[in-house]
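Input: a single structure, listed below in structure tokens.
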Amino acid sequence: MTEERTHDVVLLGATGFTGALAAEYLARNAPAGTRWALAGRNRAKLEALRERLELDVPLEHADVSDARSLEALARSARVVISTVGPYLRYGEPLVAACAQAGTDYVDLTGEPEFVDQMYLRHHATAVQSGARLVHCCGFDSIPHDLGVQFAVEQLPEGVPLKVEGIVRAGGRPSGGTFYSALTAFSRVRSYASVAGERRRSEPRPTTRQTHTASALPRRDSELGWILPLPTIDPQIVLRSARALDRYGPDFTYGHYAAVKRLPVAVAAAGGVAGLFTLAQLPPARRLLLSRLTPGDGPSAEQRARSWFNVRFVGSGGGQRVVVEVSGGDPGYDETAKMMCEAALCLAHDELAPSAGQVTTAVAMGEPLRSRLQQAGIEFSVVG
């Protein structure tokens, strides 16, 4: 990006629940001199937010149904943050505008079909323009992507490596996460088709291999029941592993959730199976989606009691390491923090060259990890 832009960072979707948390975070933590702005289609709501937060930042008009407004927004900014989900419905026009304009882009999607669609439709354009399209910059998938990278860095180079990520968390899932999960369950065939098309078209390294570990439940004496966790995070981790030589010639990753008691584990598995079944029935799906919608969220007191901890157990070359990534409320506060720090990292930090659709480990890696540590998200070696 060689031409001067009006803004370093623009936040689109600031009047939603997580978007407002992101605006608050930028107001408190954007470095002095950062030129940032709020964008959306409803100026009155933006003005009310700006007044509530006592901000002195510009407001920009942008509407996801108006491609010209998004093109103008992308040309005005070095980095655009999008909190406008569900992304399968609303996300593509901004990705397209950023790819064309050479503008870096971050979001907090956890929707695998959307991510693969954006790769197929806009990766090549972004490579040409120099734009870095970085999806999954919230709890999906920064702690897992950067946590695995941190574990890998503690292990020998040039040898086969295996890492397992085990997630523990306390807190309410966001309305956007719930909406995305139900939508994904209802679009299994469509997603399988898009994922297959991406596999066929995306270049793979010829000298290295990546694998997904066994997904069988098991019992751990310390953590309880270890259950496979079918989120987008393993896909992001393995894309980082394919792109970065440091992950070794043969890399395997497994992604799990830890549940202390067997009845809870059985209920969790049954709940997921039930939601999957109901998501196939349009009336049931509509009813479920009406119960918790994007933009809903818990109180500050509820969020203050929430937490997450992800343990990564890595092995290779005769060595073993255990690292942990931990923080506060994963669905809202920490997600807003991670997304904003990713945008600030792209805007301000010296980073290794990259372009196109890239992961946080590829685009930012240690500089973003350092930012997050300074912001209160802990990366630590524990064994």
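Between atom CZ of residue Arg242 and atom CZ of residue Arg204 there is a gap of 4.0 Å, rounded to the nearest 0.5 Å. Atoms CZ and CG, on Arg246 and Leu155 in that order, are 7.0 Å from each other to the nearest 0.5 Å. Interatomic distance, SG of Cys345 versus CG of Leu368, reported as 5.0 Å (0.5 Å rounding). To the nearest 0.5 Å, atoms CG (Asp140) and OG1 (Thr109) are separated by 8.0 Å. If you take CG on Asp145 and CD1 on Ile236, they are separated by 7.0 Å, rounding to the nearest 0.5 Å. Rounded to the nearest 0.5 Å, atoms CD (Glu51) and CG (Leu46) are 13.0 Å apart.
Of all non-hydrogen atoms in Pro217 and Leu227, the two that sit nearest each other are CB-CD2, 3.9 Å. In this structure, Pro330 and Gly170 approach most closely via the heavy-atom pair CD-O, 4.3 Å. Summarising the geometry of Ala257 relative to Ile166, their closest heavy-atom pair is C-CG2, 4.5 Å, with the distance given to 0.1 Å. Nearest heavy atom pair, residue Pro228 against residue Leu216, reads CD-C, 4.5 Å. Of all heavy-atom pairs spanning Ala347 and Val9, the tightest one is CB-CG2, 4.0 Å. Annotation for Val321 and Gln154: closest pair CG2-CB, 3.8 Å, computed over non-hydrogen atoms.
There is no side-chain donor-acceptor pair under 3.5 Å between Arg320 and Ser315. One side chain, Asp233 or Ser141, offers a donor N or O that lies under 3.5 Å from an acceptor on the other. No hydrogens or angles considered: a donor-acceptor pair under 3.5 Å links the side chains of Asp63 and Ser65. Side-chain polar atoms of Tyr25 and Glu341 form a donor-acceptor pair below 3.5 angstrom. No hydrogens or angles considered: nothing links the side chains of Thr34 and Asp8 as a donor-acceptor pair under 3.5 Å. Judged purely by distance below 3.5 Å, without hydrogens or angles, the side chains of Glu92 and His122 pair a donor atom with an acceptor atom. Side-chain atoms of Tyr247 and Asp245 form no donor-acceptor pair, as typed in the model, at a separation below 3.5 Å. Side-chain contact check for Ser240 and Gln149: no donor-acceptor pair (N or O, by modelled atom type) lies under 3.5 Å. When only modelled atom types and interatomic distance are considered, Ser69 and Arg41 share no side-chain donor-acceptor pair under 3.5 Å.
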Inset, instruction - Mind running side chain to side chain contact (heavy atoms under 4.5 Å, CB included) on Thr360 and Leu146 for me, showing each step along the way? - result: CA-CA 7 Å; Thr360 54; Leu146 296 189; 4.0 Å; yes
Inset, instruction - In sequence, state the C-alpha distance, the side-chain angles, and the governing distance for Ser190 and Glu113, and then conclude on side-chain hydrogen bond (donor to acceptor under 3.5 Å, both in side chains). - result: CA-CA 8 Å; Ser190 176; Glu113 184 180 354; 2.6 Å; yes
Inset, instruction - Could you walk me through whether Arg219 and Trp225 pass the side chain to side chain contact (heavy atoms under 4.5 Å, CB included) test, one step at a time? - result: CA-CA 5 Å; Arg219 174 74 178 169; Trp225 287 93; 3.4 Å; yes
Inset, instruction - Please report the C-alpha distance between Glu197 and Leu120 in whole Å, then the side-chain angles of each, then the deciding distance to 0.1 Å, and finally whether the side chain to side chain contact (heavy atoms under 4.5 Å, CB included) criterion is met. - result: CA-CA 8 Å; Glu197 187 178 353; Leu120 292 168; 3.8 Å; yes
Legend entry - Evaluation steps, ring-ring contact (aromatic ring centres under 6.0 Å, His included), between Phe150 and Phe312: CA-CA 9 Å; Phe150 182 53; Phe312 299 95; 9.1 Å; no
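Counting non-hydrogen atoms of neighbouring residues, nucleotides and ligands closer than 6.0 angstrom, the CD atom of Glu157 reaches no more than 12 such neighbours. Crowding of Arg218 atom CZ: a count of heavy atoms from other residues, nucleotides or ligands under 6.0 Å exceeding 12.
Taking the side chain as every heavy atom from C-beta outward, His144 and Val310 approach each other to under 4.5 Å. Two residues are said to be in side-chain contact when any heavy atoms from C-beta on lie closer than 4.5 Å; Phe379 and Pro143 fail this criterion. At a threshold of 4.5 Å between non-hydrogen side-chain atoms, the residues Val106 and Arg132 do not count as touching. In this structure the side chain of Asp104 never reaches within 4.5 angstrom of the side chain of Cys98, judged on heavy atoms. The shortest distance between side-chain heavy atoms of Arg305 and Gln302 falls below 4.5 Å. Between His123 and Arg198, the closest side-chain pair of non-hydrogen atoms is not below 4.5 Å. Tyr105 is listed as a side-chain neighbour of Leu94, based on a closest heavy-atom distance under 4.5 Å. Residues Glu164 and Arg311 form no side-chain contact, since every pair of their non-hydrogen atoms from C-beta on lies 4.5 Å or further apart.
In this structure, Tyr191 is not a member of the same hydrophobic cluster as Ile232, with clusters built from ILVMFWY side-chain heavy atoms closer than 4.5 Å. Note: the hydrophobic cluster containing Val159 also contains Tyr253 (ILVMFWY, side chain heavy atoms under 4.5 Å, direct or indirect links). Taken together through direct or relayed side-chain contacts under 4.5 Å among Ile, Leu, Val, Met, Phe, Trp and Tyr, Tyr87 and Val194 form parts of separate hydrophobic clusters. Connection of Tyr90 to Ile81 is established within a shared hydrophobic cluster, with ILVMFWY side chains joined at heavy-atom distances below 4.5 Å, either directly or through further cluster members. In the hydrophobic cluster analysis, where Ile, Leu, Val, Met, Phe, Trp and Tyr join through side-chain heavy atoms closer than 4.5 angstrom, Val127 is grouped apart from Val80.
Checking side-chain atoms of Thr210 against main-chain N and O of Leu238 turns up no donor-acceptor pair under 3.5 Å. Between the Thr125 side chain and the Gln100 main chain, no donor and acceptor come within less than 3.5 Å of each other. Using a distance-only test at 3.5 Å, with no hydrogens or angles considered, a donor-acceptor pair links the side chain of Arg208 to the main chain of Ala241. Between the side chain of Glu334 and the main chain of Gly327, no donor-acceptor pair closer than 3.5 Å is present. Lys337 places no side-chain N or O within 3.5 Å of a backbone atom of Leu372 that could act as its donor or acceptor partner. Checked by atom type and distance alone, the side chain of Glu111 pairs as donor or acceptor with a backbone atom of Leu88 at under 3.5 Å.
Ion pair Arg168/Asp220 not flagged as a salt bridge, since none of the NZ, NE, NH1 or NH2 atoms sits closer than 4.0 Å to an Asp/Glu carboxylate oxygen. A salt bridge does not link Asp250 with Lys162: every distance from a Lys NZ or Arg NE/NH1/NH2 to an Asp or Glu carboxylate oxygen is 4.0 Å or more. By the 4.0 Å N-to-carboxylate-O rule, Glu54 lies too far from Arg28 to be salt-bridged with it. Between Glu366 and Arg371, none of the side-chain N atoms (NZ, or NE/NH1/NH2) sits under 4.0 Å from a carboxylate O, so this pair counts as no salt bridge. Arg369 has a carboxylate O that lies under 4.0 Å from a charged side-chain N of Glu153, or vice versa, which qualifies the two as a salt bridge.
Between Phe139 and Phe308, a ring centre-to-centre spacing shorter than 6.0 Å is recorded. Close placement of the Phe114 and His135 rings is indicated, their centers lying within 6.0 Å of each other.
Leu133 pairs with exactly one of Val358, Val95, Val115 by the side chain to side chain contact (heavy atoms under 4.5 Å, CB included) rule, that one being Val95. Considering Val57, Leu12, Leu26, Val10 as possible partners of Leu38, the one that fulfils the side chain to side chain contact (heavy atoms under 4.5 Å, CB included) test is Val57.
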